[in-house]
Amino acid sequence: MRLFTVLFALMLVASIFLNVGLHNVSATEIVGGEKIFKKCKTCHQIGAGAKNRVGPHLNEIGGRVVGSVENFKYSNSLLELKEQAIRWEKPMLDKYLKEPRKFIQGTNMNFSGITDELERKKIIEFIWQVSESTQGSSVQENSLPEEILSIAGDRDYGEYLSSECATCHQASGKDEGIPSITNWPVKSFIIALHAYKNGNRKHPIMEMITKRLSNEEIASLAIFFNSINN
Amino acid sequence: MKLNRRHFISASAGITAAMSAPVVFGASRPKVVVIGGGAGGATAARYIAKDSKGAIDVTLVEPTRSYYTCFFSNLYLGGFRDFDSIGHTYGKLANDYEINVVHDWAVDVDSNNRNVSLAGGGSLSYDKLILSPGIDFVDGSVPGWDLSSQNKMPHSYKAGSQTQLLSAQIDNMKSGGTYCMVAPPNPFRCPPGPYERVSMVAHKLKKSNPSAKILILDPKPKFSKQGLFEEGWNKHYSGMIERIGPDMGGKSVEVKPDSMEVVIDGSSEKVDVCNVIPAMKAGKIAEIAGVTDGNWAPVIPHSMQSRKNDHIHVLGDASSQGDMPKSGFSANSQAKVCAMAVRAALTDSKLFPAKFSNTCWSLVDTNDGIKVGASYEATDEKIAKVSGFVSKTGEDAALRKATYEESLGWYSGITSDMFG
């Protein structure tokens with residue numbers, strides 16, 4: 001067992017004993033949670049028809065084994081937890097959302113965390129409530145033909161093209177109002193950009209930028225941004 | 001198709017490189033001098049230094065140690081940003097990217113010997129010179145106003161002490177007084193800029209001096225995002241703002257700084273603050289370097305190289321390139337195309353097709369943000385618009401708030417793209 005897993009297991013036990021106050025939340029707190037969930041929406045879908053995007057869909061997450069959504073490519077760190085059959089529970093998710101990369105070292109989730117305890121509480125209540133109400137409704141996204149998803153991008157070309165993205169999306173991966181796009185799984189990146197290109201996702205700037213990107217250019221950007229680790 | 005085009009361009013770049021003089025590495029690295037540390041110059045210097053990984057010696061010449069961005073300076077006037085939040089320094093460019101940052105004025109360019117003279121007495125030789133000097137004002141464009149009047153009637157169109165001065169004048173304006181803006185003729189830096197400024201001044205006055213008036217004297221029949229601004233002015237600042245267009249005398253305006261008067265088509269009016277934004281031209285060093293044609297410096301769209309000198313590139317406001325507006329976003333976008341072209345000319349790096357884009361966000365009132373943007377491509381003739389979008393009138397409050405929040409993210413993004 002690797003060191004981080006040991007630490008993780010210890011923290012997990014501690015967290016379960018220390019957190020007992022995450023229940024009995026009012027309706028307004030859940031409404032607040034939906035608003036805060038915007039932070040997560042860039043990568044995670046939840047609710048009827050939720051699909052895997054950059055991150056796995058969050059339906060039925062309560063009690064779900066970590067790293068177990070089908071057809072989602074997890075980091076090795078999450079797969080190790082899957083092997084141990086560790087499940088998502090509220091106290092553990094709270095720890096994870098506080099400092100994702102400290103709590104599960106090696107996670108691909110490129111998110112700096114939510115420091116405010118109440119915000120985390122609201123968001124978790126929201127996720128739990130929606131997650132429970134949508135049992136069995138998730139579907140896998142694979143609307144793009146395999147020949148588009150499997151185009152081999154040119155990293156150098158992607159690096160040049162990425163300079164256009166870097167005016168708004170920070171190369172450091174910081175999110176100060178515009179989502180982080182570094183270190184995404186290649187296929188998720190390709191799916192997201194094609195969704196804008198096809199008009200399935202709405203955003204005037206993203207639609208404008210992606211409409212003139214060829215399939216090869218999107219693949220090149222995906223390879224480049226995937227290669228930035230921060 | 002695009003992939004073929006790209007390969008074709010890469011291949012032709014190879015031929016060009018083979019025909020030009022070979023670049024010798026080792027004892028002397030090729031030298032790039034960048035004049036102007038704003039959205040064009042700082043970005044170009046950073047990308048060349050970053051992507052050449054030390055193969056190119058980059059010097060950035062910028063007189064100020066603390067650079068205040070023109071974009072978002074209106075938000076300072078409106079009280080949405082503090083002044084320090086729009087100031088940036090060059091420490092990271094010097095330390096993390098090993099750019100030689102020289103705080104001095106470039107006063108002369110000897111393009112035959114490829115040498116730049118500095119006001120402090122030094123000189124810098126270059127293989128490629130990038131000019132990104134921003135704007136200067138056209139002498140005599142507003143009768144009665146010249147640079148010696150800028151303390152009485154500030155332009156505040158280069159951010160810094162001028163912006164603070166205007167802010168103080170607005171704060172000290174008498175109750176029920178008039179803020180007058182003499183708006184610039186086309187083309188000018190930041191097309192929505194004057195009108196966002198009017199919105200921000202109105203926002204401030206509505207709180208601190210609600211009976212005050214705003215008078216815009218405009219030589220142009222129409223302006224960027226006009227419908228959106230006018231919708232916002234009616235909604236938030238009803239009765240406060242009056243705009244006099246060219247048909248009513250906005251084109252023939254004279255100012256009298258000593259008596260704080262504006263003369264509109266012969267009739268004189270007393271105002272309390274007068275913000276004169278004169279006609280603009282390329283920053284003076286572009287003219288000194290001999291790359292201007294009229295007021296601006298024409299460039300080849302594929303590389304931002306001057307049409308008048310093969311070893312000089314011109315970026316941003318100072319350039320005349322076609323369809324892109326003179327904005328910080330445009331300069332930043334052009335800088336990346338230029339950096340790629342300069343690296344390809346001086347080292348063996350690949351040349352890719354130029355792509356440009358621009359978005360201008362403006363704030364009308366608290367959480368009421370609007371935007372306009374377009375993508376562009378290089379043709380032999382000009383930088384040509386491909387497609388664009390603009391916010392719509394009647395958008396709901398949530399969308400307007402999201403647009404404003406997006407602009408905050410963009411500010412963080414572009415400034416880290418410029419300064420590291």
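Every chain is numbered from 1, with letters handed out A, B, ... down the list of sequences.
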(request) Taking atom NZ of Lys382(B) as the centre, report whether more than 12 heavy atoms of other residues, nucleotides or ligands fall under 6.0 Å from it. (result) yes
(request) Kindly assign one of parallel, tilted or perpendicular to the pair Phe352(B) and Tyr157(A), based on the angle between their ring planes and the thresholds 30° and 60°. (result) tilted
(request) Evaluate the side-chain proximity of Ser387(B) to Lys211(A): yes if any heavy-atom separation is below 4.5 Å, no if none is. (result) no
(request) Check whether any side-chain heavy atom of Glu405(B) lies under 4.5 Å from a side-chain heavy atom of Glu176(A), and answer yes or no. (result) no
(message) As an exercise, state the distance from CD of Glu406(B) to SG of Cys168(A), rounded to the nearest 0.5 Å.
(response) 7.0 Å
(request) Against chain B, label Glu159(A) side chain, backbone, both or neither, depending on which of its atoms sit under 4.5 Å from a heavy atom there. (result) side chain
(message) Only pairs of heavy atoms separated by less than 4.5 Å count here; which of Ile178(A), Asn215(A), Leu161(A), Ile209(A) has the most with chain B?
(response) Ile178(A)
(message) Using heavy-atom distances under 4.5 Å, tell me whether Phe356(B) contacts chain A through its side chain, its backbone, both, or neither.
(response) backbone
(request) Grab the two heavy atoms, one from Ser412(B) and one from Gln170(A), that are nearest each other, plus how far apart they are. (result) CB-NE2, 3.3 Å
(message) Using 0.5 Å steps for rounding, measure from the CG atom of Asp417(B) to the CD atom of Glu164(A).
(response) 11.5 Å
(request) Can you see which heavy atom on Met208(A) is nearest to which on Ser375(B), and at what distance? (result) SD-N, 3.4 Å
(message) I'd like to know if the side chain of Tyr160(A) reaches the main chain of Lys350(B), judged simply by a donor and an acceptor atom lying under 3.5 Å from each other, with no hydrogens or angles considered.
(response) no
(message) If I measure from the heavy atoms of chain A, does Ser357(B) come under 4.5 Å with its side chain, its backbone, both, or neither?
(response) both
(message) Do Ile205(A) and Lys371(B) have side chains that approach each other closer than 4.5 Å (heavy atoms only, starting at C-beta)?
(response) yes
(message) Between the side chains of Lys355(B) and Glu217(A), is the shortest nitrogen-to-carboxylate-oxygen separation below 4.0 Å, so that they form an ion pair?
(response) yes
(request) Keeping the roles fixed (side chain from Arg212(A), backbone from Tyr376(B)), state whether a donor-acceptor pair exists under 3.5 Å. (result) yes
(request) Tell me, out of Thr43(B), Asn332(B), Leu408(B), who's got the most heavy-atom pairs with chain A below 4.5 Å. (result) Asn332(B)
(request) Determine whether the side chains of Thr167(A) and Lys336(B) contain a donor N or O and an acceptor N or O closer than 3.5 Å. (result) yes
